[in-house]
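For reference, the structure is listed below as structure tokens.
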Amino acid sequence: MGDFGPERGFHQPKFRYCPCLGVNIGPSGVSWGLDLLYLDLGAGKIRWMTLWSQVKVWGRLGRGALTLSLWSCHPRPRDTQALLSATQAMELQKCDYHVERPLLNQEQLEELGHWSSKPGTQQWRIWFQCSRARARALLLQYLPVLAWLPRYPVRDWLLGDLLSGLSVAIMQLPQGLAYALLAGLPPVFGLYSSFYPVFIYFLFGTSRHISVGTFAVMSVMVGSVTESLAPDEAFVQDANSTVNEVARDTTRVQLASTLSVLVGLCQVALGLVHFGFVVTYLSEPLVRSYTTAASVQVFVSQLKYVFGLHLSSRSGPLSLIYELVALGLSNLTGGFFQCFPVSCSMSRSLVQECTGGNTQVAGAVSSLFILLVIVKLGELFQDLPRAVLAAVIIVNLKGMLKQFSDICSLWKTNRMDLLIWLVTFVATILLDLDLGLAVAVIFSLLLVVFRTQLPYYSILGQLPDTDIYIDVAEYSEAREVPGVKVFRSSATVYFANAELYSDALKQRCGVDVDRLISQKKKLLKKQQLKLKRLGKEKQLQEQAASSKRTSVSISVNTSQGDIKSNNVEEPKAKQVNTEDGLKDTVVSDQEDAKAPDVFTLKALGLPQPDFHSLILDLSALSFVDTVCLKSLKNIFHDFREIEVEVYMAACHSPVVTQLEAGHFFDASITRQHLFASVHDAVTFAVQHPRSSPINPVLVTKL
């Protein structure tokens, strides 16, 4: 084992590293990856063993001393740096590893890893399976109270749920009365909406942390409907020009109840088809800005009650989409008991969480407390002044109005999120809650597309003596590999940014590829025209020579001397023809031999790129579309035209599958051009520099 070492099988006494355990052993110390252990070893021989919570050291100590320090419970990096000296920290940073493996392209990687495509799962077969277990699973899925209530730990959780439920009920009582005013309804209907939907959510809800009931933003949206469809002007009595409040309130209660049923049906339908993914498009800055703008609207709407003013209310269309089946059933059931639509309340959810609420039992306790108030104490709140309710509403808006501080924090952290915040706020204030939300969602999605169109492009260089490739513009120690360019984009390539990706690649490589290809084509065209002209001249010369030979051979002379002279000249003509044919053959062979060199950039007198290989780091790709495939093929074609070979690296397996499905690989672009990592591609490119151009006919078949 050597002079010292752990029990888990290391052999070299000077330096050892175990990546699975995070143990570093050196001549002057040991570090433990989870419970940090540092040993200053003396001259003696020590055998030691480390456990999760303790360290046992035994053996024979010589003249040296042993210093043992142990910090448990996963120390923070800042604490670790404070405990270790600078020299010790440097020694711990000298950990190194050495891996020897063959260079792997995609074919070799699939062969080594035994790649096989995932079998397609037919989810619809599972949906239509009929069995006892399937029926039980569906029952527990849509009625979760049957799953968690039998296992409810009464001794541990009941007291916390009771206290939390009472706290939420005390808060929900004035909020229910006040938010009914926002909905344009008598206050007692706010208590109804604080009981029936909350108890239904206790049966069907899945979240242990949220508090369902009346919510300011929801109440304002309901009020926009009731006040627009049943305005005060429609209930003015002709005799004394006063509003018939009884008839008006009755009509508005009917509208609110009908709206609650419709909202509940929509929510149940959307929940059954798993439409809850739409919430992912609502970012946190968007939601916080939207609630802030809504709180401003609520605040302004309550000033008329505080100061006794009579102002015309602002209204707009209503567009509500939620995903939870439980919340839909709560609204659907509440609609039959003259309740208006409810939602989750952020302030009450926070109170429920902070006061020790553990399960939905807290919601059931609060709903039962509201029921007691409705039955026994409801009459006491009937004649409560609206100014008092308006004051309650304004006080409850304090938390949402504090969200204006997001402007300062987002200005320092992320200005794109600040832009979303400002656009959402302005749109909600100017266009009302429903249209404002639609504008905010559309703007945030367009901003995402815009940001993917302008990703960060970089040329990578190798960190000396490592297989790590980083941006040469950011790291001064990174060095480009001679003859090799490595290009990376921080975003996936698709139809919206494929052309921008190609343009950025050609710009970062420092070569005007399009201009070089254009010059090459012009020179090649000139050479082809010159060759055609020379060929025509040569053909005319051959025709003239053949016509002379023909005239000599068909001439008839009656004199014997002429016949003899013709017989003498005929071999000479044949000899001349043979010599011309040999010369033509030699010249044509020489031209054919020099043809490849004629088409090179050097032979054409054009500047050559200072690199022979281009590597595309595709690790950021999450998917590819047809535009991306065409763009990659064009990159291969264009750079091969200027005598640069192209390779790809670090493609994820789903992307490789999509490349194959899109028929990207062919005779000219094979999977041997795709490597497992950037370092594999660089190593191959350095070992196989492009010495001769690819056959132009083969390149143009891309």
Any sub-3.5 Å donor-acceptor pair from [X]'s side-chain atoms to [Y]'s backbone N or O?
| X | Y | answer |
| --- | --- | --- |
| Thr226 | Ala256 | no |
| Thr413 | Ser409 | yes |
| Tyr152 | Trp157 | yes |
| Tyr290 | Leu433 | yes |
| Gln453 | Ala496 | yes |
| His652 | Ser619 | yes |
| Asn414 | Asp417 | yes |

Does a side chain donor of either [X] or [Y] reach within less than 3.5 Å of an acceptor in the other side chain?
| X | Y | answer |
| --- | --- | --- |
| Ser283 | Ser444 | no |
| Asp406 | Ser289 | no |
| Gln403 | Thr291 | yes |

Identify the two heavy atoms, one from [X] and one from [Y], that lie closest to each other, and give their separation to 0.1 Å.
| X | Y | result |
| --- | --- | --- |
| Leu621 | Val655 | O-CG2, 3.5 Å |
| Ala169 | Ile370 | O-CD1, 4.0 Å |
| Leu618 | Tyr501 | CD2-OH, 3.9 Å |
| Cys651 | Leu659 | SG-CD1, 4.4 Å |
| Met218 | Pro341 | CG-O, 3.4 Å |
| Ala427 | Val439 | CB-CG1, 3.8 Å |

Hey, are the side chains of [X] and [Y] touching, using non-hydrogen atoms and a 4.5 Å cut-off?
| X | Y | answer |
| --- | --- | --- |
| Gln175 | Phe215 | no |
| Val361 | Val365 | yes |
| Leu286 | Val423 | no |
| Phe443 | Leu419 | yes |
| Ser257 | Val261 | no |
| Thr359 | Asp161 | yes |
| Leu255 | Val225 | no |
| Gln360 | Val145 | no |

Does atom [atom1] of [X] have more than 12 heavy-atom neighbours from other groups under 6.0 Å away?
| X | atom1 | answer |
| --- | --- | --- |
| Phe299 | CZ | no |
| Tyr456 | OH | yes |
| Glu660 | CD | yes |
| Trp411 | CH2 | no |
| Phe623 | CZ | yes |

Between Phe425 and Phe404 (judged by ring centroids, cut-off 6.0 Å), do the two rings come close enough to count as a pair? yes
Can you list the steps and then say if Val212 with Phe202 is a side-chain contact (heavy atoms from CB on, under 4.5 Å)? CA-CA 9 Å; Val212 174; Phe202 162 73; over 6 Å; no
Quick one: do Phe369 and Gln172 satisfy side-chain contact (heavy atoms from CB on, under 4.5 Å)? Show the steps, please. CA-CA 10 Å; Phe369 183 82; Gln172 187 160 331; over 6 Å; no
Could you work out, with salt bridge (charged side-chain N to carboxylate O under 4.0 Å, His left out) as the rule, every residue matching Glu499, not counting sequence neighbours? none
Say you draw a straight line from [atom1] of [X] to [atom2] of [Y]; how long is it, rounded to the nearest 0.5 Å?
| X | Y | atom1 | atom2 | result |
| --- | --- | --- | --- | --- |
| Tyr179 | Ser193 | OH | OG | 13.5 Å |
| Met221 | Gln297 | CE | CD | 10.0 Å |
| Leu229 | Glu227 | CG | CD | 10.5 Å |
| Tyr494 | Ser631 | OH | OG | 13.5 Å |
| Leu410 | Ile420 | CG | CD1 | 9.5 Å |
| Thr492 | Asp625 | OG1 | CG | 8.0 Å |

Can you check side-chain contact (heavy atoms from CB on, under 4.5 Å) on Val342 and Asn331, steps first, answer last? CA-CA 7 Å; Val342 298; Asn331 285 320; 3.3 Å; yes
side-chain contact (heavy atoms from CB on, under 4.5 Å) with Tyr201: which of Ser367, Ser211, Ser207? Ser207
So Val222 and Ser219, side-chain contact (heavy atoms from CB on, under 4.5 Å) or not? Walk me through it. CA-CA 5 Å; Val222 174; Ser219 301; 5.6 Å; no
Test ring-ring contact (aromatic ring centres under 6.0 Å, His included) applied to Phe337 - qualifying residues, sequence neighbours left out: Tyr196
Set out, in order, the CA-CA distance, both residues' side-chain angles and the distance that settles salt bridge (charged side-chain N to carboxylate O under 4.0 Å, His left out) for Arg252 and Asp232, then state yes or no. CA-CA 11 Å; Arg252 290 183 176 180; Asp232 293 340; 3.1 Å; yes
